[in-house]
Amino acid sequence: QGVVHVLADTEKKPLKTVSGIVILNNSYKHIKPMAQVLEVYQSSKGDQSESIGENGVGLKQGCATLCDLSFALSKNLGQYSLGIIAKSLQRKDGCVLPAFSFTNFPQKDELRELFTEHSIIGHCIVEYGGGSLDSGIDRLLEQYERMVTLEDRQHVFCVVLHELKHNPTSGSVVVHVDSSDDDAYQVDFAQNAKGLMAKLKQELPRQYIHASSRLDVRVDGKPVVFAYWQKRLVELSSFQVRIDPKSPIHKSTKDWKDPVHGYSLKIYAGFDPNRVASPAKSALSLFIYSRQSGRLILQEEDARNMLGLSTGGTEYCQGLTIIVDDYHGKLPLNPTKQDLAFGEEAHGETHRANLMNWLGGVSKVYWKSHLFKFQGESKTLLTDEIKGHVHTVQAFQRSHVVPRLLHECNLTTLINITWTLRGQEKITFHGRSYQSVTGIDTLITIQETEARKIELEEKKQTPKKRKATTTPPTSARSSKKKTQSIVNNNNDEEVDERYSPAVARLQFEYDNETQTQMSLDSHNLKDMVSRLEERSKKYKLKAARYKEELVKKIAEVEELQQENESLRAERQAASLDNYANEERAAASINFDDANEELATANRKIEELQNALNSATKKLEVAKINSQIQQETVNEYREKYAELRAELSATAMHASI
């Protein structure tokens with residue numbers, strides 16, 4: 001299970017005050033050495049779509065932007081490393097990004113000796129410790145302990161951002177610290193850290209649309225749910241098109257709708273009620289996400305001109321939102337992954353034109369399919385309908401309902417669209433042969449109004465009625481007009497007596513026909529009202545049933561979430577047990593190794609003792625031999641003295 005936790009970094013002395021944030025995550029594979037991560041102007045990522053750009057460019061750029069001092073820590077099995085990104089270490093002749101590696105869990109004495117030897121780097125640790133080297137080391141060791149206790153902790157990466165310079169919600173916050181000096185202000189780092197964490201919790205679901213359900217993301221201890229668009233957009237729908245990255249779309253091309261060498265691209269569309277309230281922000285917005293993580297690459301607030309659509313009035317507005325899901329990574333990105341880079345491709349301009357052409361066609365058919373639901377195809381009625389869902393959207397955002405990931409959702413879609421080209425190369429659609437298939441994961445929908453349904457029925461039925469019943473002969477029409485004229489004139493002028501019987505007869509026919517028509521109209525109105533009442537009752541029953549189902553689903557989801565929390569707690573407890581068992585096994589192995597070393601040492605001691613005994617015996621033998629030799633020498637000396645005495649006596653006797 002993947003883990004990403006964003007925590008507050010607190011100082012313990014003198015009080016537990018927040019000084020920054022800690023970003024902690026695990027990895028399913030080995031993390032590169034810190035020296036390679038912090039390497040400047042180098043890249044080992046190759047040409048893979050998931051790996052572009054300089055080594056650690058996002059880490060270095062982000063840390064330098066957010067604060068003047070930050071630390072990067074990593075753990076690979078039993079090996080640990082530390083990297084420092086500090087403004088105070090930089091020099092004019094180049095970047096200085098020191099990195100250190102440790103074969104075991106770092107010890108306090110080891111770190112103290114290291115930072116004392118490298119005094120310039122030690123100043124950074126002193127700053128982190130609030131003026132104390134030991135306090136700074138203790139805080140670093142605390143981060144390493146967090147890495148050890150993290151779930152699935154074999155490969156762990158950690159970033160510590162100390163004293164954030166900015167607050168994304170309200171700018172940099174300052175507080176007055178000295179009442180005697182009006183200019184004595186300092187940055188409120190605690191508020192900056194809290195502001196950044198609040199912004200992260202709000203923005204993460206918008207920045208990533210494919211975060212796996214197995215990824216445990218928490219900010220300040222609270223889980224982050226990646227369902228931003230599912231809970232925000234009205235009539236969220238999906239479309240699938242194929243983009244040709246090399247050949248331009250043209251009427252002469254037979255397979256322009258389904259190019260053989262193209263790739264599939266999923267497009268989502270919906271209406272954002274939160275943007276409708278502000279007319280300046282209600283125009284079509286484009287969001288392009290890329291790669292398996294679904295990272296937001298490009299956002300365009302008013303993309304109508306970019307997609308070749310009309311930019312006048314309120315056309316393609318009403319909070320219309322188009323989302324591009326480049327799940328397989330076919331769109332070219334720049335090294336920072338913050339924009340598209342069609343210029344890097346041989347046919348980049350063609351690729352871009354085909355993409356925007358299809359996006360424009362999808363936007364047009366989606367927007368008009370909902371505009372057709374309202375009487376007179378009124379954009380005002382469509383706008384009012386979208387506005388009316390603001391509270392519904394807010395209710396969904398506050399609820400604990402957790403929809404599926406966007407690419408896993410069964411959303412509403414339009415089928416049997418008759419795609420065609422306007423002119424030679426502009427994608428549009430023809431007629432209304434398409435059908436809308438409602439998806440179970442489209443949470444908020446727009447219903448065709450009753451007035452619009454009646455209007456469409458009248459358009460279908462009116463020509464037949466005129467032909468069958470309501471169209472009288474020409475003479476009858478002229479007679480009716482003449483009768484009405486005579487009747488009207490009879491109110492003001494005196495009519496000739498010769499025409500009195502005819503006038504009376506025509507008056508009777510006219511009144512009878514008028515009364516009959518009024519009766520029919522009244523009957524039709526009553527019938528229409530009764531139908532509307534029946535439909536209203538049906539919709540109320542459906543709404544009540546849907547509400548009950550929604551309440552049940554919310555309860556089921558909350559129950560599943562509770563079960564998930566309990567399972568997560570059990571997994572964490574099991575993980576801690578496994579860790580304890582691993583530590584016991586490691587301790588047992590170390591104990592066995594120590595016993596083997598002790599036995600080896602005992603054997604060496606025995607060998608040395610035996611050698612010592614042998615040497616002692618040899619020494620004793622040598623001493624005995626030395627004594628014997630000494631006795632022999634003494635005997636020779638005595639004999640020598642006797643011989644000299646005899647010689648002296650002999651010489652004296654001879655002389656006598």
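Just so you know, these numbers use all the heavy atoms, side chains as well, and skip hydrogens, waters and symmetry mates.
- With sequence neighbours left out, His407 forms a ring-ring contact (aromatic ring centres under 6.0 Å, His included) with His210, Tyr327.
- Looking only at side-chain heavy atoms (C-beta outward), Thr321 and Phe287 come within less than 4.5 Å of each other.
- In this structure, His162 has its ring center at least 6.0 angstrom away from the ring center of Phe71.
- Under 3.5 Å, the side chains of Arg275 and Ser285 contain a donor-acceptor pair of N or O atoms.
- One finds a salt bridge joining Lys165 and Asp68 here, because a Lys/Arg side-chain nitrogen approaches an Asp/Glu carboxylate oxygen to under 4.0 Å.
- A donor-acceptor contact closer than 3.5 angstrom links the side chains of Gln318 and Trp367.
- Side-chain contact of Ser237 with Thr412: a donor-acceptor pair under 3.5 Å is absent, judged by distance alone.
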Could you walk me through whether Leu150 and Leu24 pass the side chain to side chain contact (heavy atoms under 4.5 Å, CB included) check?
-> CA-CA 9 Å; Leu150 188 71; Leu24 199 66; 3.9 Å; yes
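- Considering every non-hydrogen atom in both Val276 and Gly319, the closest pair reads CG2-N, 3.8 Å.
- Look at Asp244 and Arg242 and you find no salt bridge, because none of the NZ, NE, NH1 or NH2 atoms lies under 4.0 Å from a carboxylate O.
- Using cut-offs of 30° and 60° on the angle between ring planes, the pair His370 and Tyr366 is perpendicular.
- You'll find the side chain of Pro205 stays beyond 4.5 Å of the side chain of Val225, heavy atoms only.
- Between Glu39 and Lys32 there is no salt bridge, since none of the side-chain N atoms of the basic residue sits less than 4.0 Å from a carboxylate O of the acidic one.
- Between Asp302 and Arg304, at least one side-chain N (NZ, or NE/NH1/NH2) sits under 4.0 Å from a carboxylate O, which counts as a salt bridge.
- Under the 4.5 Å side-chain criterion, counting only non-hydrogen atoms from C-beta, Trp229 is not in contact with Tyr268.
- Paired with Asp272 under the rule salt bridge (Lys or Arg N to Asp or Glu O under 4.0 Å), one option of Lys231, Arg206, Arg232, Lys281 passes, and it is Arg232.
- The side chain to side chain contact (heavy atoms under 4.5 Å, CB included) check on Leu550 picks up Phe396, Ile554, with sequence neighbours excluded.
- Using a 4.5 Å heavy-atom threshold, the side chains of Leu414 and Ser436 count as touching.
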Kindly determine whether Gln240 and Ser264 satisfy side chain to side chain contact (heavy atoms under 4.5 Å, CB included), including the steps that lead there.
-> CA-CA 7 Å; Gln240 189 92 12; Ser264 295; 3.3 Å; yes
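- With respect to Glu408 and Lys266, no salt bridge is recorded, no charged nitrogen being found less than 4.0 Å from a carboxylate O.
- Checking His250 against Glu425 by side-chain atom types alone, no donor-acceptor pair falls below 3.5 Å.
- A ring pair (Phe, Tyr, Trp, His ring centres under 6.0 Å) with Trp419 is found for one member of Phe429, Trp256, Trp358, Tyr434 and no other, namely Trp358.
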